[in-house]
Structures are given as C-alpha cells and as structure tokens.
Amino acid sequence: MEYNFNELEQKWQQFWQQSNAYAVSNESNKPKCYVLDMFPYPSGAGLHVGHPLGYISSDIYARYKRLKGFNVLHPMGYDAFGLPAEQYALEHGVHPAVSTEQNIANFRNQLNKIGFSFDWSREVNTSKPNYYKWTQWIFLQLFNSWFNRSLQKAEPIESLIALFEQAGSTAEGVATTQHLFTAAEWKSYPTATQQQILMDYRLAYCGFGEVNWCEALGTVLANDEVVNGVSERGGHPVEKKKLRQWYLRITEYADRLLQGLQTVDFSEPMKEMQTNWIGKSQGAEITFAIQSTAASAANTTLTVYTTRPDTIFGVDFMVVAPELDLIHQITTEEQASAVNEYIAYVKSRSDRERQAEKRISGCFTGAYALNPFNQQRIPIWISEYVLAGYGTGAIMAVPCGDERDFKFAQHFNIPITNILGSAFNGTEANNTKDARLENSDFLNGIVMRDAMDLVITKLVEMGIGKRKVNFKMRDAAFSRQRYWGEPFPIQWKNGVAVPLPESALPLALPVVESYGPGPDGQGPLANIPEWVAKELETNTMPGYAGSSWYFLRYMDPSNNEAFCSRQASDYWNQVDVYVGGTEHAVGHLLYSRMWTKALFDLGYIGFDEPFKKLVNQGMITGNSRFVYRIHSTNQFVSHGLLDAQGTYQGHALDKIHVDVNMVDGLVLDTTAFVQWKNAEFAGATFILEDGKYVCGSEVEKMSKSKLNTVNPDDLVKKYGADTFRMYEMFLGPVEQSKPWDTKGIEGVHRFLKKLWRLCFDETKGKVWIDAEPTPAELKILHKTIKKIDDDTERFSYNTAVSAFMVCVNELADAKCHKKAILEPLLILLAPYAPHIAEELWQQLGNTSLIIDAQYPVFNPTYVVESSKEYPVSINGKVRTNINIALDASPEEVESIALNNETVQKWLEGKAPKKIIFVKGKMINVVM
RNA sequence: GCCUUGGUGGUGGAACUGGUAGACACGCAGGACUUAAAAUCCUGUUCGCCGCAACGCGAGUGCGGGUUCGAUUCCCGCCUGAGGCACCA
C-alpha cells in the first residue's frame, strides 16, 4: 500500500467538511482559545505562497490547542474592499463585487486544498452589506462620540453638549481648540454653528487634508500609484491638493495606545515601532515676534515647537514648512519670487522624498524672528525638511545641537553659535543634554537637562510659551475618493453632516455606470444623480475600516441585531494569538486597537485591547522583474544597457514592475508585454541587448502589485498538502522573512513517505505491529514529545519539523513498527500534516478522529541519562571528549579531566591555572 | 532621511539562558539494488594544510575592534539585504 497523498487528502478534506469537523460552538466546558490570522485581501492573482505561511502557522497552533483540550475559534474571512478591484473595474468594466466574489471563490478553493481547520460557517466578507452595515454602525458610534480628556475615554456627544451648556468651551475634560465660548454663548449659537463646533470634538470628524492630485487623470492617487512624482499610470505629474476629508481622532487615544502596549504580548520591536509611530515627545511651543519689511507682516508672530527649549540661545535661524500661509505674510519683496519658486518646487514632492533627500534645499524669506530674551535677529528660512503636519510646522534651528540644522547652516553659510563649549567640535552637531550651557545669558553654566524647565517657566511667565506634549502620530485620514468601499451613512444638509438613523443601515453601495472619478476630485459616487440628490456623502471609507473590527464579527458572524452580541464577545474575549506580517505593525494594528478601545469605552465590549499575543510572520519575499522606460516616452531599455547611475545615455528612466510570468529567467516576452494590461504599453519599442530584452530583478515583498507572486496549487498537486504545509514551516523561523524557493521540498516529501513506510510497505502491505515498545524506542518517542510540545508552543515550527525527521529516522534505523510508538507520534504530527496523520490513525485501527485525540504526555523517566560525553577544551578550544557520569562531583570530574591523555599532552607537564566545569555542559582547562 | 529587522558551508537553516558552530534538509560526489530507470538504502560533504589515517594542525558565523576561561550569542563602529514611513493590502 503506497502513500497516495492526492487521494487520501481529498478524502479527508471532504470528510472534515461533511462532518463539520471544524465547526466551533460559543458554548463549551473547555477553556477557550482564539487563534486568528490577518485575513487576506482577495487579490485577483489568487493565493500566493506567502499567504499560507502565516495560515499554516496558526493552523498548527489551533489544531495543537484543540488536541490539548481547548475550544478553539479559528476563523477565516476576506478584507474585500480595496483599490485593486476598483482598478480592475476601471480597466475591464467588471463590477468589483463580481470580481471580488470570483477571487474569493478562488481563494477559498485554494485554501481548502491546504487542509486548514477553519470554521467556514463564520466566514466574513467586509464588502457584504450584512457586514458593512456594522462598519457603518460603528462609524456612527465614533461620529456620535467625543473624547473626555479628564476621564481619558470616549463618551456620547450628548455629554459634551451638556458640558457646553453648563460651562462652555472650558468645561473640564474638554480639549482646547480654536473655539472659545461661554455656556450662554453656546446656547445662543444657531444649530449650524453648534454643529460646526461639535465637529471639532467628534471621534470621527470632517476636515481638510492634502491628497496626491493628478490633474491629467482628474483623480486622487494612492502613494503607491505615485512613482517619482508622477502617476504610475501614464506618468502624469502629481501634486498635493487640499480636499475635504473624514478623519478618526486617533490622537486622543495616543496615551492609551502607548499604555496598552504594556499589557499585551507583542514582540519588543513591534511595540517599539508602534511607540515610535505614536512619537510622544515633551517640549514647548514658543512664539517669536517677527521683523520684516513686508507690510503684511505687521503683528505676525512665529510659533515653533521644540523639544529642546534649553537651546534657545543657540538658535541661528528658523525653518518654516513651505506650506504655511504665514510665509506669504512675512516674505519681503526682494525674496518673494525666490520663495514662490521654492514653494512650487516643494509642492511636487512627497513627504518621504522631502525627508530622504540628501541634497539640502531652502530659501530665505527676508524676515527675522526676535529672540525673546536678547532681541537678537534670527533669519527665517523655509525648507522642505520641515513638515507642515508635525508640531506647528516651524522649528527653531540650533546647528550646534542638531545634525540636520548643522548641515543646513553649513550649506547656506549661516554662522553657528556654540552654546555647548567644548562639547561642540565645530565639525558635527552634538545632541547631548548633559553639557553645561555657554553663550546662553541667564542659563550659562547650567546643565542643559535642567535648563529646559527654567526656560519654559520663564516663557510662560512672559506669556509667549507653553509646555506642550506632541505626538508624531496624526489623526487617521478616513475617507477616500473611491468607489469600492463602505459609503458613509452621512447626509449633508446645508453644510451640516447629519448621521443617518440606524434603521437606514446598511446604506448600500449603489451601482455606478463608470468607476471613473467624479467632478472636482470627488469619488465616483458623485457621478450618480440620485445619490447626489439625496445629499449623501460621496466619499467612501478606506480599506482599513472593515479590518478594524473583523475579529469581533467572527465571534457572532450572522447576528442581525448587533455587530457582535455582548455574550459572544464576553465568551471569546481577546484574540489569544494573532498571526500576521510586520507590514501591519502600525496601520492596521493601531486602528483596530483604537476601535476596540472606543467600543470598550462605549460599553459594547468588555476588553480594550483586541490581541493578547501577536506573532509576526516573516514575509516570503518574491523575485520581482523590472523594465526600464525612458521617461515620458514609450521606449524601453534592456537592463544591461543601463549605466551606473541607473540612466540611459543621460535619459531618466521609469522603473516598472512586470509580471514574472511574462519573463523567462530574466528575458522579457516582448510580445506578451505590449498586449499586457489592456495594451497599456501598446506600441512600445525596445532597445535590446543581444537581441533580447533583459529585465532587472530585485527581491522584495510578494504582492500582486509587484507582479511577483507564486501560486501554491502546483506544489500541492505534485507533493500534497501535508508536504506543502511542512515545507513552508521547514523553510525557516516563522518570524523571519525569506525569499521563496521550491528546492528542498523533496526532502520533506521523502520524510512523509518514510513515515508511511513505518506503517505500510509497498509490497508487503501492513508492517505495523502491536508489540510492547523497548526502552530505547520509548526514549525516541518521549524525546520527540518534549521537543515537539515545546517547539509548537513557541512557534518554532522549523525545528519541530526537523525533530519529526530525526524521530522517524531513528525509528526506521531501529526498525520500530510498533503501534504504541506510532500512535502518539501521529498525534504529535496531526497539527502539521493532518491528512496523513488522520489516514494512518484510521489504518492503525482507530474509529475516532485524530483531531479529537488527546495530546501525548511527556514522561521524563524514559529519557534520563546517566552520563554525558563532555567536551574538554584547553584555553577554550575543544581538544577531546570524555564520557563522565552526570552525578560525578566537580572534584572527580577535574581529576578525570586532568588524567586524560589528550589533556596531559596539551598541558605539557605544566599545572593548569584553573579548571572551569559547567555541569552537563563542558569542561575548560585554562593554562 | 527616519523607525524596525536580518547577514552562519554550494543552498534553506540549527545552536532556546555566553559553553562541542554547521542539527535537520537540499544539492553534489561515490556506492548498493535493478537488464535499465524511478523509488529506496549506504558512505562522504565548512575551508585550508600534513597525511595511509587520525577522536592531527590552522582558520572560520558580513567587516573592524572590545569584554570573557570561553562570543554566532554581550558591547562599540562600519558595510549590506529586507519591511514600514500614514490613499497597496
């Protein structure tokens, strides 16, 4: 009987499905365990080999926990709204709902072939009305809430109105905004004014923000769609434009998001990334008087944010972000044209380009700020390295203490004041806080760290400064000028946003004629007369809306009365283990943490951190292929012809991903290329080398947008799901990213065949027997139980697979075919290779399923050793091994070691300086 | 540019708390079985040197330093790959 994996895997998959083997109930006497994957975006490229890495990891864990006696929730679903489906619709005219449905069917089919233990009855799809009804509902809760700063929690907006009615804008717990009013004033305001004010407190609110605007395409572009300042599609110029946008006031939760990190089991780097993203800093806002010859500069001031008020006497210039309106008021006539030119240049650049640029750029405004302590004139510059979105959008530059300021001063020959004394060497900035200040007036001789408070206190007294906590994190932009997303349940009536009543939900996404952009940078919904007539919001929600709460929906997926019953969320509570990639370290994880906190504050759930433990799966990277287009042409240059600067005969090139499937090795199929993407590159011409177009290649994240995906189906067909599962795990540590490579899969497949042969021989048939196991055989088994149990619990699956191999090799060498050994081994293996385990389990005469078996218990008495082969080193270099009883005393060990022939030889008759003996580890003789 | 992370044989990786570097695989080489192939099994495989061989010497975990009886592991500096940087998901 041979190992016919295709047949038996199909058989068991069908059996599990028909018997609802993986359906899980919300009621059980067993302890619960919630094992969750980051659900996939159902890309048209289908599942690629990177997806299952995390899913297999979590599946192994879920199955392991089930064997250990837990009631395990292990669901799967689809994050189905998103840009790619919309682009596909634009290009092919297929409604996103249709293509998404097809993609999902394809994904589910692919997933099923790998043998996951998902409870499919709980599947969610964020683009279905019965799901996004609740996304809209939660949005309304956020819209109807504000953040009480005293209580540090969200409350219904009514409580804010009550506070305003009692005490006006300065009521306790109310954030300070531009609005200042008394209770009486509040009551006197017309409704529209009141609503405008409330908007500045709502957790979901409407404001204005910058987007990537492409005039030629008449649409807003994602950062992803902008390459080197031009649109990826068509290469048109892109610039920043301000549009009305929805936001989530996540900044109010900044402190709680920081504190919450201490209560969860995330890796330190992960916590660090989130902490850095939130970017809490303590400092001061300082307002400077301005001196300028420009008439409009009268009475203007410049407010900067600094974390180092102590360095105020070292300020040699100010830098203002080019976006600030203030610039136009203060710029002198002489500098006006230079300033305008510079602003135009900056407008075409992304934040990232602005920060990454090594070349230093900037422009003097002609205006000066006055140091409040000594009235010294400080020139005001503008430069792209200061971003409008952080702090006040203006900084005071201290070249001797800040690297970027130093370089800027050097570049523009601005004299540098040294306030650090000998701590500043004149060639690089020193950001110390421990130097004693010099050249600093009343601060001279004070340690910088201590000067901070002094300066702030003084500034406060003078009325020109205040202590300020700042966050790098900004409020989360929550609207998109797109079609394929959740419509906002909001109506605009005379400029006032009015929430739809709960009974109007779901507000269904209407069918459109075209997926093209609406007028004035609006989304496609603005093209629908009936929609516009109803004054409904024409933006849609972003991709992360649905994914911010899906883990709750799995608990109670078909509830029509609530997003999730309190009973269900109280039972399943937090996700015990959440498996997913680090690429979601900040975005998704912060948003879902915020939503959880808001829902907790409003009393809808009983916990305020969604994920108890996070396991970061490393990315399986792919090998991308590139073509190089001469900028603004349709001519493509073969990779080998590029010069060292990455240009071609001085022409700038656009580097464009091509589908790896159109490339053989590195050679592009040019015929396929010109027909590709609805013939977007029709008429392309090629500059070839050796008659071929050779592509560039890079290892990067496997993703549809990078066109470098590899599909798992062929491997499953050729080797079986069990082999595929174990191979993905065998590739390396789950957390580590690695480039995909198929070689090596044979080894895992051979292992499974070898395991099979412990039970069945191709010619002889059944070879397993009922005999009593020997101590040696029990030792092999129990060693393996210990190792697999430990490794599985800590997600060290690559070493677990290796331990299985060692075990099977040893059993084969020992010619052990005993049921009493094989059965526990199969249970250990079941989470990893469920099909073969189930089949052999049945063949060994079991009538129940192995997925319901009991995990074997390690018995240490089988593996005790009485002696150890100690490595003996001389001066740290291993020279020999000596077998010594484990219970030997240190003195005995020393004497045995010193009398050893090899040791004697190395000692050359001399006495050793000392002997280091670590019991059970090693002996080191120092001479 | 900033944040995070990785770099170990020809390849993927192992070494969990500072204690025998290279487990387990892939590949490769040789052999057995076979008419032959597949499958399977056995042997060898970090590099260099001496050699019949060695449980013989030397070097060796990206590079350069340091701490230690002992460093892949800890510290400092550098090089380099990957992920993220707010509208890809």
Side-chain angles (χ1 to χ4, degrees), chain A residues 2 38 40-41 43 79 81-84 87 211-212 220-226 245 267-270 272-273 275-277 279 351-358 385 389 404 472-477 479-482 542-544 547 581-588 590 616 618-619 621 698-701 703-706 727 730-733 735-739 741 743-748 750-751 753-754 757 762 790-791 794 796 798-799 801-806 809 812 869-873 875-881 902 913-916 918 920-927:
Chain A
E2 67 180 321
M38 289 185 186
Y41 173 78
S43 140
D79 187 13
F81 277 130
L83 198 50
Q87 275 180 345
V211 294
N212 300 313
V220 175
L221 296 177
N223 286 339
D224 233 38
E225 301 173 286
V226 183
Q245 301 285 345
S267 68
E268 284 308 316
M270 179 63 49
E272 209 170 320
M273 275 189 259
T275 305
N276 290 338
W277 178 270
D351 277 11
R352 202 177 312 163
E353 282 171 332
R354 287 172 56 175
Q355 288 175 81
E357 183 65 79
K358 282 183 186 153
Y385 82 93
R404 304 204 68 163
K472 208 182 287 167
M473 179 168 70
R474 311 196 288 266
D475 277 341
S479 51
R480 303 290 183 259
Q481 292 68 46
R482 305 284 182 186
Y544 66 82
S547 62
T582 41
E583 69 269 30
H584 299 289
V586 283
H588 162 64
L590 279 178
N616 283 120
M619 195 156 321
T621 44
E698 251 172 56
V699 170
E700 52 183 1
K701 162 178 181 178
S703 102
K704 193 196 175 190
S705 64
K706 303 197 190 307
Y727 179 61
F730 191 53
L731 270 178
E735 327 78 64
Q736 196 173 303
S737 75
K738 49 235 155 195
D741 198 340
K743 66 184 180 199
I745 195 168
E746 292 277 357
V748 175
R750 276 178 208 149
F751 152 74
K753 286 196 284 191
K754 198 165 182 177
R757 284 198 305 274
E762 257 176 63
D790 288 354
D791 283 357
R794 66 189 175 101
S796 180
N798 57 328
T799 53
V801 173
S802 149
F804 280 123
M805 289 173 170
V806 171
N809 287 344
E869 190 81 6
Y870 277 96
V872 182
S873 16
N875 285 341
K877 272 205 192 319
V878 178
R879 297 299 178 182
T880 188
N881 288 296
T902 315
K913 273 194 197 134
K914 71 173 148 173
I915 296 176
I916 289 156
V918 182
K921 295 276 188 192
M922 44 62 72
I923 301 161
N924 188 14
V925 179
V926 187
M927 59 179 283

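Computed from a predicted structure; not experimentally measured.
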Tell me what A:Ser43 touches on the nucleic acid: a base, only sugar-phosphate, or nothing, going by heavy atoms under 4.0 Å.
nothing

message: If we ignore hydrogens and angles and just use 3.5 Å, is the side chain of A:Tyr870 paired with the main-chain N or O of A:Gly920 as donor and acceptor?
response: yes

_Taking the P atom in each of B:U20 and B:U73, what is the distance between them to the nearest angstrom?_
13 Å

Practice prompt. Answer yes or no: is there a side-chain heavy-atom contact under 4.5 Å between A:Asn875 and A:Val926?
Written response: yes

Ranking B:C88, B:G19, B:C87 by distance to the side chain of A:Pro84, first place goes to B:C88

**Request:** Verify the contact: side-chain N or O of A:Arg474 to OP1 or OP2 of B:A86, cut-off strictly under 4.0 Å; return yes or no.
**Result:** no

Do the side-chain N or O atoms of A:Asn924 get closer than 4.0 angstrom to the phosphate oxygens (OP1, OP2) of B:G19? no

From NZ of A:Lys743 across to P of B:C24 the rounded distance in Å is 20 Å

Out of B:C3, B:C87, B:C24, minimum distance to the side chain of A:Met805 belongs to B:C24

**Asked** Touch check for A:Pro269, heavy atoms < 4.0 angstrom, all strands: base, sugar-phosphate only, or nothing?
**Response** sugar-phosphate

What contact category does A:Met38 fall into here, base, sugar-phosphate, or nothing, at under 4.0 angstrom with non-hydrogen atoms? nothing

- Using a cut-off of 4.0 Å on non-hydrogen atoms, how would the nucleic acid contact of A:Lys753 be classed: base, sugar-phosphate, or nothing? sugar-phosphate

Within less than 4.0 Å of OP1 or OP2 of B:U40, is there a side-chain N or O belonging to A:Lys754?
no

Side-chain atoms of A:Phe730 come closest, of B:C87, B:C85, B:A25, to B:A25

Among B:C88, B:G84, B:C69, the one nearest any side-chain atom of A:Asp224 is B:C88

- Please work out if A:His588 contacts a base, only the sugar-phosphate, or nothing of the nucleic acid, heavy-atom cut-off 4.0 Å. nothing

Contacts of A:Asp790 meeting side-chain contact (heavy atoms from CB on, under 4.5 Å) (sequence neighbours excluded), chain-then-number -> A:Lys786

| query | Which part of the nucleic acid does A:Arg879 contact within heavy-atom distance under 4.0 Å: base, sugar-phosphate only, or nothing? | reply | sugar-phosphate

task = Check every strand shown and say whether A:Glu869 touches a base, only sugar-phosphate, or nothing at a heavy-atom separation below 4.0 Å.
result = base

Notebook entry, point to check: Under 4.5 Å between any side-chain heavy atoms of A:Val748 and A:Met805, yes or no?
Noted result: yes

Describe the nucleic acid contact of A:Glu583 in one word from base, sugar-phosphate, nothing, applying a heavy-atom distance below 4.0 Å. base

**Prompt:** So what does A:Val211 touch, heavy atoms closer than 4.0 Å: a base, only the sugar-phosphate, or nothing?
**Reply:** base

Q.
Is A:Arg757 close enough to B:C41 that one of its side-chain N or O atoms is under 4.0 Å from OP1 or OP2 there?
A. yes

The answer to which of A:Met922 and A:Glu268 contacts RNA chain B further toward the 5' end, by nearest nucleotide, is A:Glu268

C1' spacing across the pair B:G44 / B:A38, given as an integer number of angstrom: 24 Å

With no hydrogens and no angle check, is any side-chain donor or acceptor of A:Lys753 less than 3.5 Å from a backbone partner on A:Glu2?
no

Testing B:C87, B:A25, B:C26 for proximity to the side chain of A:Asn809, the answer is B:A25

Base orientation of B:G77, chi within 90° of 0 counted as syn, else anti, reads anti

Exercise for review: Tell me what A:Asp791 touches on the nucleic acid: a base, only sugar-phosphate, or nothing, going by heavy atoms under 4.0 Å.
Suggested key: nothing

- prompt: A:Asn223 side chain N/O closer than 4.0 Å to the phosphate oxygens (OP1, OP2) of B:A86?
  reply: yes

Which whole number of Å gives the distance between the C1' atom of B:U72 and that of B:U46? 15 Å

| Side-chain contact, heavy-atom cut-off 4.5 Å: A:Arg480 with A:Leu83? | no

- Expressed as a whole number of Å, how far does the P atom of B:G7 sit from that of B:C75? 14 Å

Under 3.5 Å, is there a donor on one side chain and an acceptor on the other for A:Thr799 and A:Asp791? yes

By nearest-nucleotide position on RNA chain B, the 5'-leaning member of A:Ser479 and A:Met273 is A:Met273

- Task: Could you give me the CA-CA distance, side-chain angles and deciding distance for A:Lys754 and A:Asn809, then say whether side-chain hydrogen bond (donor to acceptor under 3.5 Å, both in side chains) is met?
- Result: CA-CA 8 Å; A:Lys754 198 165 182 177; A:Asn809 287 344; 2.8 Å; yes

*At under 4.0 Å, does any side-chain N or O of A:Arg750 touch on OP1 or OP2 of B:C26?*
yes

Using the P atom on both, measure B:C63 against B:G30 and round to a whole Å. 33 Å

In Watson-Crick or G-U wobble terms, with both distances under 3.5 Å, the base opposite B:C78 is B:G62

Whole-Å distance, A:Asn276 CG to B:C2 P, equals 13 Å

A:Glu746 CD to B:G12 C1', in whole Å, measures 15 Å

Reckon A:Lys877 has a side-chain N or O less than 4.0 Å from the OP1 or OP2 of B:A59? yes

When rounded to whole Å, the CG to P distance for the pair A:Leu221 and B:A86 reads 15 Å

Winner on side-chain proximity to A:Lys921, out of B:C87, B:G19, B:C69, is B:G19

Review point. Would you say A:Tyr727's side chain and A:Glu746's backbone share a donor-acceptor pair under 3.5 angstrom?
Key: no

A:His584 NE2 to B:A86 C1', in whole Å, measures 14 Å

Check your understanding: What is the nucleic acid contact for A:Pro733, judged by heavy atoms within less than 4.0 Å: base, sugar-phosphate only, or nothing?
Key -> sugar-phosphate

Here the distance between atom P of B:C85 and atom CG of A:Asn212, to the nearest Å, is 13 Å

What does A:Gly587 touch in the nucleic acid at a heavy-atom separation under 4.0 angstrom: a base, only the sugar-phosphate, or nothing? nothing

*Look at A:Gln481 and B:C87 and indicate whether a side-chain polar atom (N or O) is within less than 4.0 Å of OP1 or OP2.*
no

Determine the Euclidean distance between corresponding C1' atoms of B:A21 and B:C3; express it in Å to zero decimal places. 33 Å

#### Entry: Nearest-angstrom distance, P atom, B:C33 to B:G22
34 Å

- Query: Looking across every strand, which nucleic acid part, if any, lies under 4.0 Å from A:Leu83 by heavy atom: base, sugar-phosphate, or nothing?
  - Reply: sugar-phosphate

Rounded to whole Å, NZ of A:Lys914 lies from P of B:C69 at a distance of 5 Å

Closer than 3.5 angstrom, by distance alone: can the side chain of A:Ser267 be matched with the main-chain N or O of A:Met270 as a donor-acceptor pair?
yes

Work out how far the P atom of B:A25 is from that of B:G19, and round it to whole angstrom.
25 Å

Query raised in the report: What nucleic acid atoms does A:Thr799 come within less than 4.0 Å of, heavy atoms only: base, sugar-phosphate, or nothing?
Result: sugar-phosphate

